[in-house]
There are 2 protein chains.
Amino acid sequence: MTKAENTTRQKIVETARALFHEQGYHATGMATILRLAGVNSGSLYHFFPSKEALLEAVLESYLGGLGPMLIDPVEAAFGDPVERIFGLLDQYRQALLMTDFSYGCPIGNLALEMGADDGDVARLIADNFAAWRDAIEGWLSAAFSAKDVDISGLTALTLAVMEGALMQARVAKKIEPFDEAVAQYRKMLGT
Amino acid sequence: MTKAENTTRQKIVETARALFHEQGYHATGMATILRLAGVNSGSLYHFFPSKEALLEAVLESYLGGLGPMLIDPVEAAFGDPVERIFGLLDQYRQALLMTDFSYGCPIGNLALEMGADDGDVARLIADNFAAWRDAIEGWLSAAFSAKDVDISGLTALTLAVMEGALMQARVAKKIEPFDEAVAQYRKMLGT
DNA sequence: GTCTATATTAAGATAGAC
DNA sequence: GTCTATCTTAATATAGAC
């Protein structure tokens, strides 16, 4: 994973990632992935023994991309830990607005669609959530460690607001529920 | 809908509701619904022209059941409007514990799985969310109307906590994230 | 690693007698 | 309204040459 990846494999994972995100896992057929990736069946199954294995690779790519794609840019843009949290929330907000409210959290979507799952997929989803938790918990610790604050609880609430506010705005096809929930959360943080 | 429903139709909707909830919509095959409902293909398609139409009936049943199945019992059990909110949250908590953390919000699950949808299904999901919003907003109004509180924003935050806390506990397969998020929310309400 | 062709099963849905 | 039988297409996956 450290050196440059095989181009074909990479193209397959990126195409699958986009389609799983837009349509969901079960609603996406292998044939569609093959067509959009411009790859033949034999190549895909050379790299991945099954559709589920491909999903696992997608989840690994989310895990690997969390830092470089989301956390690092936000940390570079904002020095204050609390503003980093709102910077992250604003990323979601912008994604909602740019996609006419069709954007959903890729991990949250898969988490709810794959609910019953109990194998590597479930573990990778949990790993992704744990990585998000760690980043947010780090910021909250930096901001509130000296005070009498339940950092772990505040982290759980923060993630709940992110996922729950996104879900509501997407369903209602308007930004208000997201903005309102975030505003209440900000007020609660007391900053 | 006011008189007693056809038994076969009812059985189909109930079976589909359970399977869609446990497995998701796309992961559930018509053959499985037919087998578990003990009904033949011809009967199902007599009542519902398509799988999507069946999903719409399921979503209508959730809408119709929200009051009798969830809101009314909670209102009967708790007089205080704030305790009604926590009574509702405790329903989710109990469901999580009783299902070994496989329980998910049926509407939330479908909302994220059906994201791209744009027809009757999306509208019915939005209607369900709106009905939840109305119930919670009513309780929050009763509790805080006299004070300087953004009732609409607090409603959005409440729903976000419900959905987001449930999602986290389900993914982590433990109750802590749910309890922590709810505790922070309660602290925030200042009651 | 990639190609074409194809196997196999399941999907959603329909036909037409009763 | 219900039955059995079946259609059609799509699904995931494989075979075997190159």
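Hydrogens, waters and symmetry mates are skipped; everything else that's a heavy atom, side chains included, is used. Small disclaimer: the values here were computed from a predicted structure and weren't measured. Letters go in sequence order (proteins before strands), and every chain restarts at 1.
In this entry the distance linking CD of A:Gln23 with C1' of D:dA10 reads 14 Å, nearest Å. A:Phe48 places its CZ atom 16 Å from the C1' atom of D:dT12, with the value rounded to the nearest Å. Here the C1' atom of nucleotide C:dC3 and the CG atom of A:Leu34 are 13 Å apart, to the nearest Å. Atom pair A:Arg35:CZ and D:dA11:P shows a separation of 10 Å (rounding to whole Å applied). A:Lys51 has its NZ atom 13 Å from the C1' atom of C:dA10, to the nearest Å. Going from atom CG of A:Leu44 over to atom P of D:dA11 covers 14 Å, rounded to whole Å. Rounded to whole angstrom, the span from the CZ atom of A:Arg9 across to the C1' atom of C:dT2 amounts to 17 Å. Across the protein-nucleic acid pair, A:Ile33 atom CD1 and D:dA13 atom P stand 10 Å apart, rounded to whole Å.
Taking side-chain N and O atoms only, A:His46 has no distance below 4.0 Å to OP1 or OP2 of C:dT2. Contact check, B:Tyr45 against C:dA13: a side-chain N or O comes under 4.0 Å of OP1 or OP2.
The residues B:Arg84 and B:Asp80 are annotated as not salt-bridged, no charged nitrogen and carboxylate oxygen being separated by less than 4.0 angstrom. A:Arg186 and A:Glu83 are joined by a salt bridge, as a carboxylate oxygen and a charged side-chain nitrogen come within less than 4.0 angstrom of each other.
Closest contact between the side chain of A:Phe47 and the listed nucleotides D:dA13, D:dA11, C:dT2 involves C:dT2.
Dense packing is recorded around NZ of B:Lys173, with more than 12 heavy atoms of other residues, nucleotides or ligands lying under 6.0 Å away.
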Can you pull every protein N or O that's under 3.5 Å from an N or O on nucleotides 4-7 of chain D?
{"residue": "D:dT4", "atom": "OP2", "partner": "B:Asn40", "partner atom": "OD1", "Å": "3.2"}

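The side-chain tip of B:Arg93 does not point at the ring of B:Phe178 from less than 6.0 angstrom away and within 45° of straight on. Cation-pi geometry between B:Lys51 and B:Phe20 is not met at under 6.0 angstrom from the ring centre and within 45 degrees of the axis.
Using a 4.0 Å heavy-atom cutoff across all strands shown, A:Thr28 reaches sugar-phosphate atoms only and no base atom.
Nearest heavy atoms, B:Ala111 versus B:Phe129: CB-CE1, 4.2 Å.
Classification of the B:Phe86-B:Tyr185 ring pair by plane angle, with boundaries at 30° and 60°, yields tilted.
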